[in-house]
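Proteins come first, then strands; the chains are lettered A, B, ... in the order of their sequence lines, and each starts at number 1.
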There are 2 protein chains.
Amino acid sequence: MQYVSEKNLGRLSLYRRLLNRLQAEGTRSIYSHELARMAGGTAAQVRRDLMAVGSVGSPKRGYNVRELIDRIGEFLDAPEGEGVALVGAGNLGRAIMAYFSGRRPKLSIVAAFDTDPSKVNRVIHGCRSYPVEEMEEVVRRDGLRVGIITVPAKEAQGVADMLVAAGVRGILNFAPTPLRVGPDVHVEDIDMTMSLEKVAFYARKHALEREPAK
Amino acid sequence: MQYVSEKNLGRLSLYRRLLNRLQAEGTRSIYSHELARMAGGTAAQVRRDLMAVGSVGSPKRGYNVRELIDRIGEFLDAPEGEGVALVGAGNLGRAIMAYFSGRRPKLSIVAAFDTDPSKVNRVIHGCRSYPVEEMEEVVRRDGLRVGIITVPAKEAQGVADMLVAAGVRGILNFAPTPLRVGPDVHVEDIDMTMSLEKVAFYARKHALEREPAK
DNA sequence: TAGATTGTTAATCGATTAACAATC
DNA sequence: TAGATTGTTAATCGATTAACAATC
């Protein structure tokens, strides 16, 4: 299995989703250019990405959909499944719990934490919530290696430190602030404010180009 | 004003937020390496990014915080402000409305749309909600150029087409599917499933490296 | 002045794209 | 076979990093 970059990895995740839809529709095989068209990339890129997971296509029939799904799964998924801890059961946190609820059996949020007494010791979207004081204990007990942070920016670094101390090695960070973690922890940021500002910038640019009246 | 890449743009957005915090704390000036440390980048990169918005620093005092905030604002923001339309007032959509509510006066969600009769003609987190049938009319009337899509994957493309037809030129897409739009429309994807799968992959990798028992 | 930082150019790096022999 | 696609290498592209004269 060769080196796979972070961008490769993201695209593999996308391909799998597209392939799952195709399989549900009864499609058995697919060519690189077809998958590229669906994913919004080039055929060469798709071939290179698929090569990385050891897939085998044939010039005549392209790639077997089921086999591709299996290969990507072997590469991406933990065979035994992966439990996720979510910290911050506010509006965004609860929406994310709802979003991931039942979507992937091998990757599901199994515990939520909050400081607000009204939000803990309950079941939210099928997930048990605990006071933050119990975080280290629960994360250790359940062997959770993945965390999601949906607390305000000011609290995010402290939460990250607690998660890492409890054994978490990957964090999906929704707090609009950079996190400092060690080299053995991976952080993925989802910065909605940054994304919206970028979109607004380009929207304005496109609108101005359209009517070049000065 | 020189060329600014998409990554540059995102970092400028982050710098501004960090600078706003510094200003609130009373900091007047800052060196590139200090800002780099906060943002998680290199000093040279910060200098190059700031150069792009025409900032002027001095070897003695570094950059003036207030001036930087102004320059980045002139570059990123629409002077008259920008209204945003959100389509899909489900769990995620409402959480996003709450998230952006009052956060940026110049970039705020001013209208939400949904097909569910129980979710329309109301005020959610300070934002009026309408039935989708009124989307084109409202978007045109208010001159909205930015849209946020938080509907299920199957409906996303149709919603995108409607938004673009009504005049939207930038879309923040939370639906886990690629959108096809013309070259004069910018799409930014926030794919939470992809991000979580990437985090899980690296978390597993780090955990396995830690205990190389085979 | 001496020393640290800025603005800017050159060198490096990595990912994407193009190209093409091998294959069905 | 002829034709389209795959697997894989070489060329291109763009962003990051390093370097350094100019500046305070």
Side-chain angles (χ1 to χ4, degrees), chain A residues 1-15 19 22 27-69 71-72 75 178 186 189 194 198 201-202, chain B residues 1-15 19 22 27-69 71-72 75 178 186 189 194 198 201-202:
Chain A
M1 195 92 57
Q2 71 179 73
Y3 168 76
V4 171
S5 77
E6 207 171 319
K7 288 199 173 182
N8 275 96
L9 211 61
R11 285 194 299 260
L12 286 172
S13 164
L14 173 60
Y15 297 157
L19 290 165
L22 286 169
T27 307
R28 295 287 184 84
S29 62
I30 188 169
Y31 292 121
S32 57
H33 61 87
E34 292 173 322
L35 190 52
R37 220 176 67 96
M38 292 176 69
T42 67
Q45 193 169 63
V46 166
R47 291 206 298 277
R48 235 176 36 97
D49 289 339
L50 295 183
M51 240 176 56
V53 293
S55 70
V56 247
S58 100
K60 201 136 194 189
R61 304 188 184 174
Y63 299 88
N64 181 281
V65 170
R66 175 191 292 271
E67 192 188 323
L68 274 192
I69 292 171
R71 288 289 166 89
I72 296 175
F75 183 77
H186 180 87
D189 291 294
M194 179 193 289
K198 278 166 76 174
F201 176 86
Y202 286 112
Chain B
M1 193 90 57
Q2 72 179 72
Y3 169 76
V4 172
S5 76
E6 207 171 320
K7 288 198 172 181
N8 275 94
L9 211 60
R11 285 195 298 261
L12 286 171
S13 164
L14 174 59
Y15 297 157
L19 290 164
L22 286 169
T27 307
R28 295 286 185 85
S29 62
I30 188 168
Y31 292 121
S32 57
H33 60 88
E34 293 173 321
L35 190 52
R37 222 177 65 95
M38 293 175 69
T42 68
Q45 193 168 62
V46 167
R47 293 207 296 278
R48 234 173 40 92
D49 289 340
L50 295 183
M51 239 177 56
V53 293
S55 69
V56 247
S58 101
K60 202 138 194 187
R61 304 189 182 172
Y63 299 88
N64 180 281
V65 171
R66 176 192 291 272
E67 192 187 323
L68 273 193
I69 293 172
R71 287 289 167 88
I72 296 174
F75 183 77
H186 181 88
D189 291 295
M194 179 193 289
K198 277 166 76 174
F201 175 85
Y202 286 111

When you check the phosphate oxygens OP1 and OP2 of [N], does a side-chain N or O of [X] lie under 4.0 Å from one of them?
| X | N | answer |
| --- | --- | --- |
| B:R11 | D:dA15 | no |
| A:R48 | D:dT8 | no |
| A:S58 | D:dT6 | no |
| A:S32 | D:dT6 | yes |
| A:Y63 | D:dG7 | yes |

Options [options], nucleotide nearest the side-chain atoms of [X]:
| X | options | value |
| --- | --- | --- |
| B:P59 | C:dA4, D:dA15, D:dT5 | C:dA4 |
| B:A44 | D:dG7, D:dA18, C:dA15 | D:dA18 |
| B:R47 | D:dA19, C:dA18, D:dG7 | D:dA19 |

Is there a side-chain contact between [X] and [Y], using heavy atoms and a 4.5 Å cut-off?
| X | Y | value |
| --- | --- | --- |
| B:L35 | B:Y63 | no |
| A:S32 | A:L50 | no |
| A:E6 | B:Y202 | yes |
| A:L68 | A:V65 | no |

Under 3.5 Å, side chain of A:Y31 to main-chain N/O of A:K60, donor-acceptor pair present? yes

Who is the Watson-Crick or G-U wobble partner of C:dT6, with both distances under 3.5 Å? D:dA21

Across all strands, who's sitting opposite C:dG14 as a Watson-Crick or G-U wobble pair, both distances under 3.5 Å? D:dC13

Checking all strands, does A:S29 fall into the base, sugar-phosphate, or nothing category for heavy-atom contacts under 4.0 angstrom? nothing

Atom pair distance, as rounded to whole Å: [atom1] in [X] and [atom2] in [N]:
| X | N | atom1 | atom2 | value |
| --- | --- | --- | --- | --- |
| B:Y31 | D:dT23 | OH | C1' | 13 Å |
| B:M51 | D:dA15 | CE | P | 14 Å |
| A:N8 | C:dA15 | CG | P | 8 Å |
| A:Q45 | C:dG14 | CD | P | 18 Å |
| B:L35 | C:dT6 | CG | P | 10 Å |
| B:H33 | D:dT17 | NE2 | C1' | 18 Å |
| A:K7 | D:dT16 | NZ | P | 10 Å |
| B:N64 | C:dT6 | CG | P | 13 Å |

